[in-house]
Amino acid sequence: MLRSAAITLGLTLLAGSAGAAGEATKGEALYQAQCAMCHAPESGAAPSLVGVVGRKAGTLPGFAYSKAMKASGITWTPAELDAFLTDPGKKVPGTMMMIPGPEPAERTDIIAYLATLHR
């Protein structure tokens, strides 16, 4: 009985942590619907997000970042992306992106998708 309860608890925790990490497949659809119009992989109105996870903010060649973004010192981790998308102007005062991102669960899925994009 105790062993069965331990296995059930372990599976519950595992499922919970997987859900907390986001679902890249859902994130891709959300990205296409909410982000891609500006953040196209090539020549969008905003910088490409391909390879954004792990990149230092304001450093993608070919995009004219705000002084604030260049000086932010941020390296884009999932946590930094989440904080920025929650309230871009609060995270980086002076950023050109003033539209907050989607609700928390959708943000998590989008960030999971972004983490799959590599140059």
Residues Met37, Gln32; criterion side-chain contact (heavy atoms from CB on, under 4.5 Å); working and verdict: CA-CA 8 Å; Met37 67 184 79; Gln32 293 302 326; over 6 Å; no
So, are Glu80 and Lys91 salt-bridged, with charged N and O less than 4.0 Å apart? yes
Exactly one candidate in Leu117, Ile111, Ile110 meets side-chain contact (heavy atoms from CB on, under 4.5 Å) with Tyr113; the answer is Leu117
Donor-acceptor pair, distance only, cut-off 3.5 Å: does the side chain of Arg55 make one with the backbone of Val50? yes
Interatomic distance, CG@Leu49 vs CH2@Trp76, rounded to 0.5 Å, equals 9.5 Å
Using only atom types and a distance under 3.5 Å, with no angle test, would you say the side chain of Thr95 pairs donor to acceptor with the backbone of Val92? no
Taking all non-hydrogen atoms of both residues, which atom of Pro102 and which atom of Gln34 are closest, and how far apart? CB-OE1, 3.3 Å
Between the side chain of Tyr31 and the main-chain N/O of His39, is any donor-acceptor distance below 3.5 Å? yes
Shortest non-hydrogen contact from Tyr65 to Pro47? OH-CB, 3.3 Å
Atom CG in Leu30, atom CD in Glu103: separation rounded to 0.5 Å? 11.5 Å
Could you report the tightest heavy-atom contact between Gly22 and Ala112, atom names first, then the distance? C-CB, 3.8 Å
Look at the side chain of Asp109 and the backbone N and O of Glu23, then say whether any donor-acceptor pair between them is shorter than 3.5 Å. yes
Which heavy-atom pair separates Ala68 from Pro93 by the least distance, and what is that distance? CB-O, 3.0 Å
Phe63 to Ala45 - nearest heavy-atom pair and separation: CE1-O, 3.4 Å
Are the side chains of Met97 and Leu85 in touch, meaning some heavy atoms are under 4.5 Å apart? yes
Verdict with reasoning, Val53 to Thr77, per side-chain contact (heavy atoms from CB on, under 4.5 Å): CA-CA 5 Å; Val53 175; Thr77 63; 6.0 Å; no
Any side-chain heavy-atom pair from Ile99 and Pro88 closer than 4.5 angstrom? no
